[in-house]
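A, B, ... follow the sequence lines: proteins, then strands. Residue 1 opens every chain.
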Amino acid sequence: MRENFFKRPTLVVARELLGCYLVRRWHGKEMGYMITETEAYNGFNDKASHAHRGKTKRNSVMFGRPGYFYVYLTYGMHYMLNIVTGEEGFPAAVLIRGVNGISGPGRLTKALHIAKYQNKKPADKKIGLWVEDREVAVSPREIESTARVGIHYAEEWVEKPYRFLLKK
DNA sequence: ACGATGATGAAC
DNA sequence: TTCATCATCGTA
C-alpha cells in the first residue's frame, strides 16, 4: 500500500483498511491477515487521541509522515499497532484492532510478534510488516461503525462512531 | 460482572 | 512522586 493511501482523512483510511491485508514476514514466512476492525484517532481536538495534549516523545510519530507505524505499550503489557494517516503535521492514526481470526489489539500484536521494533518504521516489506490491498471488495453496507473502546475519559468524543468493523 | 495485572508517559 | 492508561485474563 502506497503512502498516498494513508495521506488522506483518517476516517476514510480507517474504513478502507477493512478488507485489506496486514502482512507479516516472520522467520522467512509471509502470513496475511484480513483486517476486520479499526479505530480512527483524529487530530489535536480528539480527546481520545494521544495527540490531543500536544506533541510528546511518545506520540511524535503521529505528527510525521503518513504510512508509518505507531506502536506503544498500554496498561504495562499490551502493544497497540497504529498506522499514521493524513498530511504530515496533522496528528492522526488508525488503530488496527482486529484481523480475521484474531480479535483484540493486544492479541493481534502478540500473535504477529509486533512490539517496539516497528515503532516509527514505515509500513513496508523491508521491515517485514506492511499492508496489501488484495482487491477484496468491501461495500459500505458491510461496514458497521460504533463508539471506540476504552476511552471513557474522552468526554464528547466518547460517542463518536470512529470504530469500524466488518459485519459477518 | 469485576478486580488484578503492570510499564511507561505525563501531570502534579 | 503520583496518577492514569486506545486491554486481557482469571475468578465469580
Side-chain angles (χ1 to χ4, degrees), chain A residues 1 5-22 24 33-123 129-131 143-168:
Chain A
M1 206 67 91
F5 175 86
F6 299 103
K7 192 177 178 176
R8 296 183 298 153
T10 309
L11 292 172
V12 173
V13 177
R15 256 178 191 278
E16 293 194 10
L17 277 174
L18 295 177
C20 291
Y21 279 74
L22 181 65
R24 176 70 164 130
Y33 304 83
M34 191 173 73
I35 297 170
T36 56
E37 184 178 348
T38 61
E39 278 180 6
Y41 288 85
N42 193 17
F44 303 95
N45 296 329
D46 183 352
K47 287 181 180 161
S49 172
H50 287 168
H52 108 271
R53 292 169 204 271
K55 193 173 181 177
T56 65
K57 190 175 179 183
R58 177 173 63 160
N59 68 21
S60 64
V61 66
M62 291 182 79
F63 292 74
R65 287 170 62 191
Y68 280 64
F69 290 117
Y70 173 35
V71 183
Y72 67 91
L73 190 65
T74 193
Y75 296 111
M77 57 192 101
H78 301 297
Y79 287 101
M80 300 288 108
L81 176 68
N82 300 252
I83 306 178
V84 176
T85 59
E87 297 287 334
E88 186 167 355
F90 182 78
V94 173
L95 170 65
I96 310 296
R97 281 193 63 87
V99 298
N100 204 10
I102 307 170
S103 63
R107 293 175 143 213
L108 168 66
T109 53
K110 188 178 175 189
L112 303 203
H113 303 99
I114 293 164
K116 287 219 176 149
Y117 313 109
Q118 289 84 14
N119 191 32
K120 301 186 178 183
K121 298 280 199 313
L129 185 66
W130 67 98
V131 178
I143 296 173
E144 183 181 358
S145 58
T146 75
R148 292 171 289 183
V149 174
I151 54 151
H152 57 88
Y153 51 85
E155 301 174 22
E156 72 271 26
W157 292 82
V158 170
E159 300 297 331
K160 301 227 181 251
Y162 283 6
R163 178 184 182 215
F164 301 97
L165 304 103
L166 266 190
K167 287 188 182 173
K168 283 191 177 173

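As a whole-Å value, the separation of A/Asn82 CG from C/dA7 P is 11 Å. We find that OH of A/Tyr75 is positioned 14 Å from C1' of C/dC3, with the value rounded to whole Å. Atom NE2 in A/His50 sits roughly 15 Å away from atom P in B/dT8 (whole-Å rounding). The nearest whole Å value for the distance from the CD1 atom in A/Ile102 to the P atom in C/dC9 is 12 Å. Note: CZ (A/Arg53) to P (C/dA4) measures 11 Å, nearest angstrom. A/Asn119 places its CG atom 11 Å from the P atom of B/dG9, with the value rounded to the nearest Å. Rounded to an integer number of Å, the gap from A/Lys57 NZ to B/dA7 C1' is 15 Å.
The pair A/Arg8-A/Glu16 counts as a salt bridge, with a side-chain nitrogen and a carboxylate oxygen less than 4.0 angstrom apart. Electrostatic pairing of A/Lys167 and A/Glu144 does not count as a salt bridge here, judged by no charged N lying under 4.0 Å from a carboxylate O.
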ring-ring contact (aromatic ring centres under 6.0 Å, His included) between A/Tyr68 and A/Tyr70: does it pass, once the steps are laid out? CA-CA 7 Å; A/Tyr68 280 64; A/Tyr70 173 35; over 10 Å; no

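Across all strands, A/Leu95 comes closer than 4.0 Å to base atoms (heavy-atom distances). Residue-level contact check: A/Arg148 touches neither bases nor backbone, having no heavy atom under 4.0 Å from any strand. Across all strands shown, A/Met77 has heavy atoms under 4.0 Å from base atoms, whether or not it also approaches the sugar-phosphate. Among the protein residues, A/His152 comes within range of the sugar-phosphate backbone only, with heavy atoms under 4.0 Å from sugar or phosphate atoms but none that close to a base.
Taken to the nearest 0.5 Å, the CG atom of A/Asn82 stands 9.5 Å off from the CD atom of A/Glu39.
The side chain of A/Thr56 places no N or O atom within less than 4.0 Å of a non-bridging phosphate oxygen (OP1 or OP2) of B/dG9. Within the structure, a side-chain polar atom (N or O) of A/Arg97 is placed less than 4.0 Å from OP1 or OP2 of C/dA7.
Under the Watson-Crick or G-U wobble criterion, with both distances below 3.5 Å, B/dT8 is paired with C/dA4.
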